[in-house]
Amino acid sequence: MKSKITRVLLFVLALIMLVGTVSASAITPYTTYTYGVDGKMQRSPDAYTPVKVINSTTLLESLGPDGGASSNAKLMYANTEAFTGLDTPKDIFVDELGHVYIVNSSKNQIVVTDENFNIRLLVDEFTNKFGVPDSLNGPSGVFVTDEEIFVADTGNSRIVVFDKLGNFVDIVPEPASEVMPENHIYSPVAVSVDHAGRIYVVSATSTFGIISLNRDGSFNGFIGAQKVAFNAFEYFLRLFKTAEQLAASKTNVSTEYNNLCIDKDGFIYATTSSIEESKVESAINGKDKSGDYAPVKKLNPNGTDVMNRNGFWPPSGEIDMGKTREASVGGGPSTVVDVAVGPTNTWSIIDSKRSRVFTYDFDGNLLFAFGDKGKQLGHINNLVSIDYQGTNMLLLDREGSITVYKRTAYGDLLAAAIQNTEDQQYDKAVDYFISILQHNNNYDAAYVGIADSLYLDGEYVQAMKYYKYAYNTEDYSKAYQAFRKEWMEDNIWLIPLVLIIVIWGISKFFAFANKVNKEGQKEKEKRSFKEEVLYGFHIIFHPFDGFWDLKHEKRGSVRGAIFWLAITCLTFVYQSLGKSYLQNPEGSSMSILLSIVSILAPVILWVIANWCITTLFEGEGSFKDVFIATCYSLVPLPMLIIPSVIVSNVMTLTELQLVTLIEGFAFAWLFMLVYFGMMVTHDYSLGKNFITTICSIIGVAFIIFLAGLFTALIAKVIGFFYQLYIELSYRWS
């Protein structure tokens with residue numbers, strides 16, 4: 001019996017250890033995440049996991065003990081014995097066969113491996129077309145076509161072409177000096193070639209864009225020059241600079257690119273890390289989709305940026321740039337140093353500052369981001385280059401290694417959903433998006449994908465629901481507009497009926513108010529509350545006569561003023577709670593107390609400051625007069641804001657500009673009434689009233705300053721006595 005129990009316990013222990021081993025192997029040393037519309041990081045399942053690291057030792061082992069090709073190597077042409085390890089590699093490229101090309105910069109070599117990372121070929125020394133021995137000098141980039149290898153031979157300021165066997169073919173020299181700008185230094189660091197044979201070169205020191213060349217080296221021109229920020233102050237300073245100072249100044253000089261790649265359709269993805277961080281950060285925070293200050297662009301052959309930036313955030317790498325999370329790198333935007341086109345029209349950029357990869361779809365939606373620095377498998381300390389080997393991702397570390405990442409089942413779901421969307425197989429795409437949400441319910445792009453399919457099927461209400469899940473206000477507005485049009489067509493008779501009723505109701509109300517106000521012109525010892533309240537509608541249309549009668553004929557009262565103040569406070573409470581989804585997609589609202597204080601505080605401060613100032617300036621209005629006139633001036637706010645909030649719930653995103661215009665008009669009306677109300681109340685001229693108004697505004701600021709100072713002083717006094725109490729308590733105890 002004991003032996004049976006022992007066997008069971010041992011089996012359970014072995015099972016626990018096995019499960020633990022499997023779980024540990026599935027854990028990646030980094031977090032995969034995306035960003036929501038609110039800019040907060042949302043964790044997601046891993047789209048890629050590291051499977052192995054290829055380093056100098058691994059590559060040397062592929063050569064066998066005698067320096068020749070091992071039994072695993074399919075082909076090995078020549079010169080492989082010159083390989084002694086990776087030293088400061090700068091670029092990686094994968095051709096259509098899955099063969100890998102590594103720019104081994106410090107060794108002046110291009111290392112070529114097969115798809116299994118067995119060394120096949122070294123490209124370094126060669127005999128040029130003049131029969132003279134030649135070699136590479138500090139190469140930085142490589143690009144491979146079906147037949148040729150193009151190397152950016154940086155140290156020699158040229159592009160060198162080899163065939164797939166490593167034989168020298170040609171040299172594409174520096175473009176003729178007469179077509180290049182004065183003092184330009186040609187320093188090619190990256191190269192790509194399109195299907196027409198045009199060569200695109202990134203020169204490290206060129207601020208004019210990407211250099212386009214023909215195969216014979218003839219110069220086609222610069223494409224994709226970066227936008228220059230215009231600074232009026234800097235431009236003014238240039239008027240006083242000497243010619244030497246202007247030559248040395250970098251003001252209004254475009255920034256240079258640092259890398260590029262080309263997709264199957266001939267579009268060029270180009271990256272830069274030279275744009276001022278403040279401009280990049282402002283573009284990200286402002287969700288600027290123009291691409292003017294984007295660290296990555298998609299250029300057509302004419303150099304026009306055609307990148308789709310339809311995601312929540314422009315494709316620029318890191319969104320959360322705070323120093324708290326990025327303490328090790330000091331925060332700030334990503335330092336983008338390379339770009340690669342992946343399967344299903346996805347593309348990735350790498351951030352060398354954080355050693356992270358950011359992958360986007362063809363619309364610019366962030367699919368996932370991952371990576372970190374460290375020593376575990378999957379960590380990269382000095383990330384410099386990226387490329388895809390089929391569905392695998394290869395990341396090159398400048399310290400001398402390649403990490404191979406395999407796409408996970410979750411990554412396969414993303415790819416399938418994107419591919420079906422691109423093929424317009426929306427029903428199939430929805431199935432994949434639903435599966436994605438089962439793995440990651442924070443993935444907003446899946447909600448958008450489902451909503452897009454529902455929208456195309458005419459299911460507008462359901463589409464709105466899914467757009468709402470993703471905080472996608474633009475597409476929600478589009479779906480709502482289609483739904484509203486459909487509803488209006490079905491209820492066409494109801495719209496004029498509602499308009500007639502509303503217009504009739506408003507006209508009847510104002511006719512009633514006008515009748516009451518006309519009857520109120522008679523002198524009375526005591527006026528009713530109804531008369532005092534409705535008199536506000538006379539003031540807003542007849543401010544000069546209205547404020548005069550308000551003060552001298554007692555057409556209003558303190559209770560009427562308090563009524564309008566209370567109604568205005570309730571208006572702001574309703575505005576905070578009653579905004580439409582398009583106005584407030586995140587559902588945030590100001591607290592009721594804060595909404596009330598936002599009206600009470602300015603009114604009270606204004607009344608106090610104006611009364612104090614006008615007392616010194618021989619104003620005829622009392623504190624009570626100022627308070628009543630100010631509160632009656634508030635009438636336009638509830639009269640216009642309440643209807644605008646109601647109407648906003650049936651408006652599209654573009655139509656909401658009308659609501660903003662109405663609210664702005666309400667406040668302009670308020671300020672006009674307050675200004676003329678104070679002028680009539682104090683019996684000032686227009687000029688004198690302007691001076692006292694400015695002084696009153698300064699007085700409000702001074703009162704706020706004193707209140708803050710007093711509060712801080714009281715807090716210090718309370719703190720002092722509290723510390724004294726604590727000290728005495730310890731001593732007595």
Side-chain angles (χ1 to χ4, degrees), residues 533 535-551 555-556 558 560-576 590 594-617 619-645 648 657-705:
V533 169
Y535 185 66
F537 293 101
H538 176 76
I539 287 178
I540 62 176
F541 296 114
H542 308 87
F544 292 100
D545 293 339
F547 284 113
W548 176 267
D549 292 345
L550 181 68
K551 177 184 176 183
R555 297 286 298 275
V558 173
I562 292 175
F563 171 83
W564 283 116
L565 181 60
I567 290 296
T568 306
C569 290
L570 293 176
T571 298
F572 275 76
V573 171
Y574 172 64
Q575 184 188 38
S576 177
M590 191 183 299
L594 195 57
S595 298
I596 294 173
V597 170
S598 67
I599 287 296
L600 285 180
V603 169
I604 292 172
L605 288 172
W606 167 261
V607 171
I608 293 173
N610 185 263
W611 177 71
C612 291
I613 294 297
T614 54
T615 299
L616 299 175
F617 281 80
E620 295 183 2
S622 64
F623 184 88
K624 175 183 173 182
D625 295 332
V626 174
F627 175 75
I628 293 174
T630 300
C631 291
Y632 271 86
S633 299
L634 297 172
V635 175
L637 295 185
M639 189 177 73
L640 293 178
I641 290 178
I642 291 176
S644 71
V645 173
S648 71
Q657 297 176 4
L658 179 61
V659 172
T660 304
L661 181 64
I662 292 173
E663 292 176 352
F665 178 72
F667 279 100
W669 199 349
L670 162 67
F671 296 145
M672 181 205 66
L673 290 174
V674 170
Y675 182 79
F676 290 116
M678 295 303 101
M679 187 174 74
V680 174
T681 299
H682 297 296
D683 195 20
Y684 282 157
S685 65
L686 194 65
K688 189 173 183 180
N689 189 59
F690 177 78
I691 295 173
T692 56
T693 300
I694 297 298
C695 292
S696 297
I697 294 172
I698 296 173
V700 169
F702 184 68
I703 292 172
I704 294 173
F705 171 74

Less than 4.5 Å apart, any side-chain heavy atom of [X] and any of [Y]?
X      : Y      : answer
Phe690 : Tyr675 : yes
Val680 : Lys551 : no
His682 : Val626 : yes
Phe627 : Ile608 : no
Tyr684 : Glu620 : no

What is the minimum heavy-atom distance between [X] and [Y], and which atoms define it?
X      : Y      : result
Ala561 : Ile628 : CB-CA, 3.9 Å
Val659 : Ser648 : CG2-CB, 4.0 Å
Cys631 : Leu565 : SG-CB, 4.1 Å

Check whether any side-chain N or O of [X] sits under 3.5 Å from a backbone N or O of [Y] as a donor-acceptor pair, and report yes or no.
X      : Y      : answer
Thr681 : Met678 : no
Ser576 : Phe572 : no
Thr614 : Phe617 : no
Trp669 : Leu634 : no

Are Trp564 and Phe537 near enough that their ring centres are under 6.0 Å apart?
-> yes
Under 6.0 Å between the ring centres of Phe547 and Phe676?
-> no
Looking at [atom1] of [X] and [atom2] of [Y], how far apart are the two atoms once the value is rounded to the nearest 0.5 Å?
X      : Y      : atom1 : atom2 : answer
Ile567 : Tyr574 : CD1   : OH    : 13.5 Å
Cys612 : Ile703 : SG    : CD1   : 6.0 Å
Ile562 : Cys569 : CD1   : SG    : 11.0 Å
Met639 : Thr568 : CE    : OG1   : 11.5 Å
Thr630 : Trp611 : OG1   : CH2   : 14.0 Å
Leu686 : Ile691 : CG    : CD1   : 10.5 Å

Please set out all donor-acceptor pairs under 3.5 angstrom arising from side-chain atoms of residues 692-699, sequence neighbours excluded.
residue : atom : partner : partner atom : Å
Thr692  : OG1  : Lys688  : O            : 3.2
Thr692  : OG1  : Asn689  : O            : 2.9
Thr693  : OG1  : Asn689  : O            : 2.7
Ser696  : OG   : Asn610  : ND2          : 3.1
Ser696  : OG   : Thr692  : O            : 2.7

Using the ring-ring contact (aromatic ring centres under 6.0 Å, His included) rule, take Phe544 and Trp548 through it: C-alpha gap first, then chi angles, then the decisive distance, then the call.
-> CA-CA 6 Å; Phe544 292 100; Trp548 176 267; over 10 Å; no
Would you call the rings of His538 and His542 parallel, tilted or perpendicular if under 30° counts as parallel and over 60° as perpendicular?
-> parallel
Pairs under 3.5 angstrom only: tabulate donor-acceptor contacts from the side chains of residues 596-606 to other protein residues two or more places apart or in another chain.
residue : atom : partner : partner atom : Å
Ser598  : OG   : Ser595  : O            : 2.5

Step by step, work out the side chain to side chain contact (heavy atoms under 4.5 Å, CB included) result for Phe665 and Leu661.
-> CA-CA 6 Å; Phe665 178 72; Leu661 181 64; 5.7 Å; no
